[in-house]
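Quick note: numbers below take in every heavy atom, side chains included, and nothing from hydrogens, waters or symmetry partners. These numbers come from a predicted model, not from an experiment.
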Amino acid sequence: MKIKEIKDNKKQFLSLLLLADEQEDMIDRYIDKGIMYVLDDNGIRSECVVTDEGDGVLEIKNIATLPEYQGMGYAKMLIDFIAEKYKDKYSVLQVGTGDSPLTVPFYEKCGFVRSHCIKNFFTDNYDHEIYECGVKLVDMICLKKLL
């Protein structure tokens, strides 16, 4: 297994990116300024895009694992890799996600704590309703982890 940075042609992973952020124009807002990593374990299994938000904050903008490999620890391995790689450059790793029983507990298990909420983020920024685990996503839950 290896984790490698993707510097060119990041959109070759669009189908994987769309698993975590299902509207391409939203991905376009951060893909070029973000640093992308993919986890390869006899094939690409997971990806992560992070951006420098200033003031010592690194943000996970997108993290996704192919459905058939979810629950195998790949996304956590990517988060651990990012935290270790950037601990001397950043003080906080943050992520924003929908208030879903699938994603919030995952991030909490990875050591993130709730920070704040951005009201109506999903309804204001997406051109369609988004549901996860039967829950309509409205607000963005922001979580952070000290590095």
Side-chain angles (χ1 to χ4, degrees), residues 1-41 44-66 69-70 73-133 135-147:
M1 182 197 76
K2 63 183 174 178
I3 295 172
K4 55 188 175 182
E5 182 178 348
I6 304 298
K7 294 184 180 191
D8 301 310
N9 194 21
K10 296 174 187 175
K11 282 241 180 146
Q12 69 183 302
F13 300 103
L14 184 59
S15 60
L16 192 51
L17 291 160
L18 286 167
L19 291 174
D21 196 343
E22 59 185 65
Q23 192 167 301
E24 189 173 350
D25 70 325
M26 292 296 284
I27 293 168
D28 289 340
R29 293 181 184 187
Y30 56 78
I31 187 102
D32 289 332
K33 74 174 186 170
I35 303 168
M36 175 183 266
Y37 295 95
V38 295
L39 187 147
D40 187 332
D41 189 14
I44 303 301
R45 304 292 186 238
S46 195
E47 63 75 27
C48 183
V49 178
V50 295
T51 58
D52 181 337
E53 297 300 308
D55 295 325
V57 176
L58 185 67
E59 183 168 343
I60 296 172
K61 291 291 192 180
N62 189 307
I63 187 165
T65 301
L66 290 169
Y69 299 102
Q70 291 175 3
Y74 290 124
K76 184 174 183 327
M77 284 183 234
L78 272 172
I79 289 171
D80 291 345
F81 168 83
I82 297 292
E84 181 62 28
K85 180 171 182 65
Y86 292 103
K87 69 180 181 184
D88 294 329
K89 186 174 180 183
Y90 296 92
S91 56
V92 174
L93 181 59
Q94 73 180 17
V95 65
T97 190
D99 195 2
S100 157
L102 179 65
T103 55
V104 173
F106 165 74
Y107 288 115
E108 291 173 338
K109 283 183 186 176
C110 290
F112 288 82
V113 295
R114 288 177 185 247
S115 170
H116 61 284
C117 173
I118 301 173
K119 293 287 186 192
N120 301 314
F121 178 85
F122 291 98
T123 52
D124 289 348
N125 289 286
Y126 287 82
D127 63 11
H128 62 285
E129 294 181 340
I130 300 175
Y131 288 85
E132 190 169 285
C133 295
V135 174
K136 180 180 174 183
L137 303 184
V138 176
D139 302 332
M140 178 184 280
I141 306 303
C142 299
L143 301 104
K144 66 180 181 178
K145 175 179 180 163
L146 299 179
L147 296 180

Exercise. At what distance, to the nearest 0.5 angstrom, does OH of Tyr90 lie from CG of Asp55?
Worked result: 11.5 Å
For this session: Please list, chain by chain and in numerical order, all residues satisfying salt bridge (Lys or Arg N to Asp or Glu O under 4.0 Å) with Glu22, sequence neighbours excluded.
Result: none
Problem set entry | Ala20: partners by side chain to side chain contact (heavy atoms under 4.5 Å, CB included), with sequence neighbours left out | Asn62, Ala64
For this session: Before giving the answer on side chain to side chain contact (heavy atoms under 4.5 Å, CB included), spell out for Arg29 and Asn125 the whole-Å C-alpha distance, their side-chain angles and the decisive distance to 0.1 Å.
Result: CA-CA 12 Å; Arg29 293 181 184 187; Asn125 289 286; 3.5 Å; yes
Problem set entry | All pairs passing salt bridge (charged side-chain N to carboxylate O under 4.0 Å, His left out) where residues 113-127 contributes a residue, at least two apart | Asp99-Arg114, Glu108-Arg114, Lys119-Asp139
Exercise. Taking only residues two or more places apart in sequence, or in another chain, which ones meet Tyr74 in a ring-ring contact (aromatic ring centres under 6.0 Å, His included)?
Worked result: none
Exercise. Is it true that a side-chain atom of Lys145 and a backbone atom of Ile79 form a donor plus acceptor pair closer than 3.5 Å?
Worked result: no
Seminar exercise, completed: Those residues at least two apart in sequence (or on a different chain) that pass side chain to side chain contact (heavy atoms under 4.5 Å, CB included) with Lys144 are Val92, Gln94, Val113, Ser115
For this session: Could you tell me whether Lys76 and Asp80 make a salt bridge, using a distance below 4.0 angstrom between a side-chain N and a carboxylate O?
Result: yes
Exercise. Mind checking what makes ring-ring contact (aromatic ring centres under 6.0 Å, His included) contact with Phe122, not counting sequence neighbours?
Worked result: Tyr126
Exercise. Nearest heavy-atom pair of Lys10 and Leu17: which atoms, and what distance?
Worked result: O-CD1, 4.1 Å
For this session: Tell me, please, which residues at least two apart from Glu129 pass side-chain hydrogen bond (donor to acceptor under 3.5 Å, both in side chains).
Result: Tyr131, Lys136
Seminar exercise, completed: Quick note, ring-ring contact (aromatic ring centres under 6.0 Å, His included) partners involving residues 13-39, not counting sequence neighbours, are Tyr37-Phe81
Problem set entry | Results of side-chain hydrogen bond (donor to acceptor under 3.5 Å, both in side chains) for Gln70 - residues two or more places apart only | none
Problem set entry | Contacts of Gln12 that satisfy side-chain hydrogen bond (donor to acceptor under 3.5 Å, both in side chains) - sequence neighbours left out | none
Exercise. Taking only residues two or more places apart in sequence, or in another chain, which ones meet Ile118 in a side chain to side chain contact (heavy atoms under 4.5 Å, CB included)?
Worked result: His116, Phe121, Met140, Cys142
For this session: Among residues two or more places apart or on two chains, list those pairs meeting salt bridge (charged side-chain N to carboxylate O under 4.0 Å, His left out) that have a residue in residues 31-40.
Result: Lys4-Asp40
Problem set entry | Minimum-distance pair of heavy atoms, taken over all atoms of Ile44 and Leu66 | O-CD1, 3.3 Å
